[in-house]
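Handing you a structure now.
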Amino acid sequence: MFNFFRKTNSKSDLLGPAQRVMSGSISVDFDFTSYAEHNIFNELSQSSDYGFYYWPYGYLFRHVKWGGVNSLGFRIDTELEDISAAYRDVFRIAFFGGSTGFDVLVPKEDTLVYKLEKILNEDEELCERIGKNIKIFNLSQPGNLVLNQISNFVQFGHLIDPHLVICHSAANDLCTMQMNDPVLVNSYCIGYPDVLEAWGKKIHNAENVDIDYQYSDHNQPNFRPAKDRVSPSSIIDAYTFRVHQFNRLAKSLDVETFIAGFQPWITSKAKLSEPEQKRRGSYNPYYQTIYKNVEHLYQNFSDEILRKLEPMNVANLHSHFTALSPDIDHFGDTHHLLREGNYEAACCYHKAARTILLK
């Protein structure tokens, strides 16, 4: 029988199969010493082989396929504390999301944030009305639910002092909350990245407490897929509650405009390309039930979600993707976008921004 925690385990074995998720698989020549000088948690984690942490235990991403992160692991070329001085005279947008906002599949020029910033600045009417150039700061982090986005806004938003906040969300909340502790979701509207259970087990050396990650390695005889534990109605209520909370919080801190982006899933497209059809079925075996349930949530509950998001300003990317051509690959997997998908998403956000800012 596989033993997730053995007293004889080496330090690198403490997370069991979760080690695969947290370890970087691509070597990047970061200057770890320079990074460590930024704060004590960077210093504590400079010798780690893990690919990511959740703040404050260390900077978010160390092994980034396309590079370009600051000392806190955000996909921003500038340190957050330098933004207010360097970008004082621009219209500042803070963009919050998960791995689809971070854009784990594409280089900088193909990311959603890069394309959206370019489209916005090419809109002469919009720039003339605003009276400034536009700069977007990407505060997305892989795995983030809306509650994590709120936390990043509280901790770092004041350094950007944004005029506009974008909450790019849905997939992580609809996916991850299925696996979360139902008491936390049902009673407190709390969803959390499931990998945090593995961190909790490691930190507290909770040898006798089972978590799903113990059985996540499909190459082991004790493998079992992640379970769904929370009802669709509870997930939807928790997700929409947090988006409304984010909106209210941003407005209370003098953010002029807030856009809730209802991001697409691969089945948002009515007709998929051939590669997309293959990707749709290529589920991570551990998440196979969870991802199929997400398709169900999008297909049967998207109208309810959108109703519950009213009267916020919503960029409905899910609907925008419905009629996209099956001759073009927009999705690199079930929810992460490729270059063409990011262009379409950027167009959708541009339309939403124009509707609000040109009033």
Side-chain angles (χ1 to χ4, degrees), residues 1-26 45 48-54 57-58 60-65 98-100 102 104-105 141-145 147-148 171-185 190-231 235 265-266 278-297 332-336:
M1 188 70 169
F2 178 76
N3 187 356
F4 186 69
F5 265 95
R6 297 184 299 272
K7 292 187 182 298
T8 56
N9 274 357
S10 68
K11 186 174 181 180
S12 62
D13 291 332
L14 286 175
L15 294 176
Q19 175 82 15
R20 301 193 321 276
V21 181
M22 296 183 178
S23 296
S25 58
I26 300 172
S45 60
S48 172
D49 290 329
Y50 294 135
F52 70 89
Y53 282 79
Y54 276 87
Y57 302 111
L60 178 84
F61 248 75
R62 175 170 286 151
H63 302 292
V64 183
K65 183 176 182 180
S99 56
T100 55
F102 189 94
V104 295
L105 298 184
Q141 295 182 331
N144 274 8
L145 283 72
L147 188 56
N148 302 107
N172 280 350
D173 286 75
L174 301 185
C175 177
T176 309
M177 277 197 278
Q178 294 181 52
M179 302 174 284
N180 288 165
D181 186 310
V183 173
L184 294 176
V185 179
I190 289 177
Y192 53 89
D194 57 330
V195 73
L196 293 187
E197 291 184 3
W199 277 114
K201 182 150 189 168
K202 176 183 179 180
I203 291 167
H204 300 290
N205 198 26
E207 298 181 34
N208 298 321
V209 180
D210 273 357
I211 60 171
D212 286 350
Y213 259 125
Q214 291 174 238
Y215 311 100
S216 63
D217 188 349
H218 64 275
N219 295 312
Q220 294 293 325
N222 66 342
F223 167 74
R224 65 188 187 209
K227 299 177 182 177
D228 53 304
R229 298 183 171 88
V230 183
S231 70
I235 292 169
W265 192 261
I266 192 167
K278 294 177 182 177
R279 291 164 190 155
R280 178 189 175 190
S282 299
Y283 296 117
N284 177 327
Y286 177 60
Y287 291 113
Q288 58 183 323
T289 300
I290 304 302
Y291 282 8
K292 288 177 182 177
N293 288 346
V294 175
E295 290 190 9
H296 168 73
L297 286 167
D333 54 30
T334 54
H335 52 295
H336 296 105

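Quick caveat: nothing in here was measured; it's all calculated off a predicted structure.
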Q.
Using modelled atom types and a 3.5 Å cut-off, is there a donor and acceptor pairing between side-chain atoms of Q214 and backbone atoms of I211?
A.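 A pair under 3.5 Å: yes.
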Q. Where do V195 and Y213 come nearest, in terms of heavy atoms and distance?
A.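 For V195 versus Y213, the nearest heavy atoms are CA-CE1, 3.4 Å.
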Q | Parallel, tilted or perpendicular, as decided by the 30° and 60° cut-offs, for the rings of W265 and Y291 | A |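 Y291 and W265: perpendicular rings.
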Q: Go through the steps to decide whether Y192 and D181 satisfy the test side chain to side chain donor-acceptor pair (under 3.5 Å), and finish with yes or no.
A: CA-CA 9 Å; Y192 53 89; D181 186 310; 5.4 Å; no
Q: To the nearest 0.5 Å, tell me how far D333 CG sits from N284 CG.
A: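 Here the interatomic distance stands at 10.5 Å.
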Q: Would you indicate whether the side-chain heavy atoms of L174 and I235 approach each other to under 4.5 Å?
A: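 Contact flag for I235/L174 side chains = yes.
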Q: Over all heavy atoms of both residues, which pair between G332 and L105 is shortest? Give the atoms and the distance, please.
A: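 Where G332 meets L105 most closely, the heavy atoms are CA-CD1, 3.7 Å.
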Q. Which heavy atom of L145 sits nearest a heavy atom of M177, and at what distance?
A.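 Nearest heavy atoms, L145 then M177: CD2-CG, 3.9 Å.
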(Q) Would you compute the distance between atom OG of S99 and atom CG of N172 and round it to the nearest 0.5 angstrom? (A)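 These two atoms lie 5.5 Å from each other.
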Q. Taking side chain as C-beta onward, heavy atoms only, is Q141 less than 4.5 Å from N148?
A.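 With C-beta onward as the side chain, the pair stays apart.
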Q) Taking atom CG of L184 and atom CZ of R229, what is their separation to the nearest 0.5 Å? A)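 The CZ atom of R229 is 11.5 Å from CG of L184, to the nearest 0.5 Å.
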Q) Between K201 and A206, which heavy-atom pair has the shortest distance, and what is it? A)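 Shortest heavy-atom separation between K201 and A206 comes out as CE-O, 3.0 Å.
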Q) Can you tell if the side chain of F102 reaches within under 4.5 Å of the side chain of N144, non-hydrogen atoms only? A)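 SC-SC contact between F102 and N144 ruled out.
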Q) Hey, are the side chains of M179 and E197 touching, using non-hydrogen atoms and a 4.5 Å cut-off? A)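 When only atoms from C-beta onward are counted, E197 and M179 do not touch, as no gap falls below 4.5 Å.
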(Q) So T100 and H335, do their side chains get closer than 4.5 Å, heavy atoms only? (A)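 Yes, side chains in contact.
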Q: Evaluate the criterion side-chain contact (heavy atoms from CB on, under 4.5 Å) for residue pair V294 and Q178; output intermediate values, then yes/no.
A: CA-CA 9 Å; V294 175; Q178 294 181 52; 3.5 Å; yes
Q) If you round to the nearest 0.5 Å, how far is CD1 of I190 from CG of N180? A)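 One gets 10.0 Å once the value is rounded to the nearest 0.5 Å.
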Q: Drop me the distance from Y286's OH to D194's CG, to the nearest 0.5 angstrom.
A: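 Spacing of OH (Y286) from CG (D194) equals 6.0 Å.
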(Q) Using 0.5 Å steps for rounding, measure from the CG atom of N293 to the CD atom of Q288. (A)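 One gets 11.0 Å once the value is rounded to the nearest 0.5 Å.
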Q | Over all atoms of both residues, closest heavy-atom pair of P142 and V104 | A |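 Scanning both residues, the minimum pair turns out to be CG-CG1, 4.2 Å.
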Q.
Quick check: closest heavy atoms across P285 and P225, and the distance to 0.1 Å?
A.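 In this case the closest contact between P285 and P225 is O-CB, 4.0 Å.
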